[in-house]
Number of protein chains: 2
Amino acid sequence: MGQAAYVQIAGLLTSGHVAPGERLSLRDLAERLGTSTMPIRAAVGRLAEYGALEVSPNRAVRVPVMSAARFAELADLRQEMEGLAAERAAKAATADDIAVITRIEAEFASVATGASPDAARAVALNRDLHFAIYAAARMPLLEGAIERLWLLAGPVLNLDMRADPRRLANTPARRFHAAALAALRARDGAAARAAIAGDIAEAAAFILARRVLKEK
Amino acid sequence: MGQAAYVQIAGLLTSGHVAPGERLSLRDLAERLGTSTMPIRAAVGRLAEYGALEVSPNRAVRVPVMSAARFAELADLRQEMEGLAAERAAKAATADDIAVITRIEAEFASVATGASPDAARAVALNRDLHFAIYAAARMPLLEGAIERLWLLAGPVLNLDMRADPRRLANTPARRFHAAALAALRARDGAAARAAIAGDIAEAAAFILARRVLKEK
DNA sequence: TGCCGCCGACTGTGATCACAGTTCATAGTC
DNA sequence: GACTATGAACTGTGATCACAGTCGGCGGCA
């Protein structure tokens, strides 16, 4: 139901093509995607369900602005939930899972430190890496909940990545990713949780330190 | 957007008026609620977003059937997330929060052990009690995620409650609720988490033991 | 009697129109 | 020149119709 539109609009959010606070309109989106407003309405409604978009009657759809407090809670929740997924993944991961994760981790490291750092590609690979780990936990409900959290954080994360592309080259993420992978191999749930939580906490602290988020 | 329809259909799910596996139709629902199919489409789409309903093209909307494995993961996730909320609530709860929780707990105990046990009312009070605790954590994103989990469990929980109303009178829930309340008062996060997790685990074990859930 | 095929009823989905409420720029007033 | 009133453009929402795909029961065939 409006599946295609949902994917496209979600892509706009996670790729940072729309900024927090930006106003959208069903008719505009429909025209841009070459359909009627119906699939757009369905997709926007689903995205609004968990706060990825804000829609109020007779007013334009808005990409939610992220307050510092909201961002802090989001980072907090992500540490808990993604940490949990990593912990469970350490116990449930198969050899195939770990092989896939290893490959993605190597690719991310290569792109991040390479001569031509491709920010968009690095962001996508970072996402793939995280979700490859979570998929190994075999907890589809948890995975879905985490996906929704990422959609909430999407616009802000990309805003940050674009603002400071230099960070990509020597991102601390690589260290955390390596630690997570090692923990998965060792089936050390606590270490896996700590690595993922550390990754999230570090990135969140970096963004909060820039003080571009509204106080209230 | 279809807010009224959403509340009504969600009510059908949580109150157990529709059973897992049951087929619904947009036109039927629209007629029942006295509107066109539009608000229904919006509400059903939102509910389907996180799995509270299943909708496939040209096929009737279905209340998802809960496999034993899915139910186990749901119970697992609920223990983690609601346990987390309780833990944070123990640290963040105000005196007013605790007063409200105390009142609801007393009311639940009264209804559950009273001469005329009202199952529907007890279910509602149980829900109110849990969410009063989670609200005290001041984590709206977490609260929303938990609400969605409850909507997933709704049909099955009510099915169980109707099947065995005797359980209500001497439900172990009262013991866990009392422990949770005491933990909140003592600002003991770990104890609050344990109490809520215990409540959920006990209820889940009871339902799983009845073996009415499909294996696969 | 048992099985298969077909046709009608029913399904969600997309498009389009009408409508009430908001927003914003322009013109009028002091 | 600053401020307010006003109306046109734009917003999401609901209703209705058309359509392609699915499902179930009835009839025919072996």
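Naming: A, B, ... by sequence-line order, numbering from 1 per chain. Please read these numbers as outputs of a predicted model, since none were measured by experiment. Heavy atoms only: backbone and side chains are in, while hydrogens, waters and symmetry mates are out.
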Inset, instruction - Can you figure out which of D:dG21, C:dT13, D:dT11 approaches the side chain of B:Val55 most closely? - result: C:dT13

Inset, instruction - State whether B:Arg27 and B:Glu31 are salt-bridged, where the test is any N-O pair (Lys NZ or Arg NE/NH1/NH2 against Asp/Glu carboxylate O) under 4.0 Å. - result: no

Inset, instruction - May I ask you to verify whether the side chain of B:Arg41 and the base of C:dG14 hold a donor-acceptor pair under 3.5 Å? - result: yes

Inset, instruction - Using heavy atoms to find the nearest nucleotide of DNA chain C for B:Met38 and B:Leu26 separately, return the residue whose nucleotide is more 5′. - result: B:Leu26

Legend entry - Atom pair distance, as rounded to whole Å: CD in B:Glu54 and C1' in C:dG12: 15 Å

Inset, instruction - On DNA chain C, check which nucleotide each of A:Gly2 and A:Pro57 is closest to and give me the residue with the more 5' one. - result: A:Gly2

Inset, instruction - Taking all heavy atoms of A:Leu24 and all of A:Ala60, pick out the closest pair and write down the distance. - result: O-CB, 3.5 Å

Legend entry - Nearest-nucleotide 5' precedence on DNA chain D, B:Pro39 against B:Arg27: B:Pro39

Inset, instruction - Assign A:Ile40 to base, sugar-phosphate, or nothing according to its heavy-atom contacts below 4.0 angstrom with the strands shown. - result: nothing

Inset, instruction - Look at all strands and tell whether A:Ser56 reaches a base, only sugar-phosphate, or nothing, counting heavy atoms closer than 4.0 Å. - result: sugar-phosphate

Legend entry - Spacing of A:Leu29 atom CG relative to D:dG12 atom C1', expressed in whole Å: 13 Å

Legend entry - Whole-Å gap separating P (D:dG12) and CG (A:Leu47): 14 Å

Legend entry - Row check, B:Tyr6 ring normal vs B:Arg46 NZ/CZ: under 6.0 Å, within 45°: yes

Legend entry - Nucleotide C:dT11, atom P - distance to CD of B:Glu31 in whole Å: 11 Å

Legend entry - Nearest non-hydrogen partners of B:Ala92 and B:Asp97, listed with the distance: O-OD2, 4.4 Å

Inset, instruction - Find the distance B:Leu33:CG to D:dA15:P and express it as a whole number of Å. - result: 11 Å

Inset, instruction - Please work out if A:Val44 contacts a base, only the sugar-phosphate, or nothing of the nucleic acid, heavy-atom cut-off 4.0 Å. - result: nothing

Inset, instruction - Starting from P on D:dT11, measure out to CG on A:Leu24 and report it in whole angstrom. - result: 10 Å

Legend entry - OP1 or OP2 of D:dT11 under 4.0 Å from side-chain N/O of A:Ser25: yes

Legend entry - B:Ala180 versus B:Ile196, closest heavy-atom pair with distance: CB-CD1, 4.1 Å

Legend entry - A:Leu53 CG to D:dG12 C1', straight-line distance once rounded to whole Å: 13 Å

Legend entry - A:Asn58 CG - C:dT22 P separation (whole Å): 6 Å

Legend entry - Closest to side chain of B:Ala60, choosing from C:dT11, D:dT13, C:dT13: C:dT11

Inset, instruction - State whether B:Arg59 places a side-chain N or O below 4.0 Å from either non-bridging phosphate oxygen (OP1 or OP2) of D:dG21. - result: no

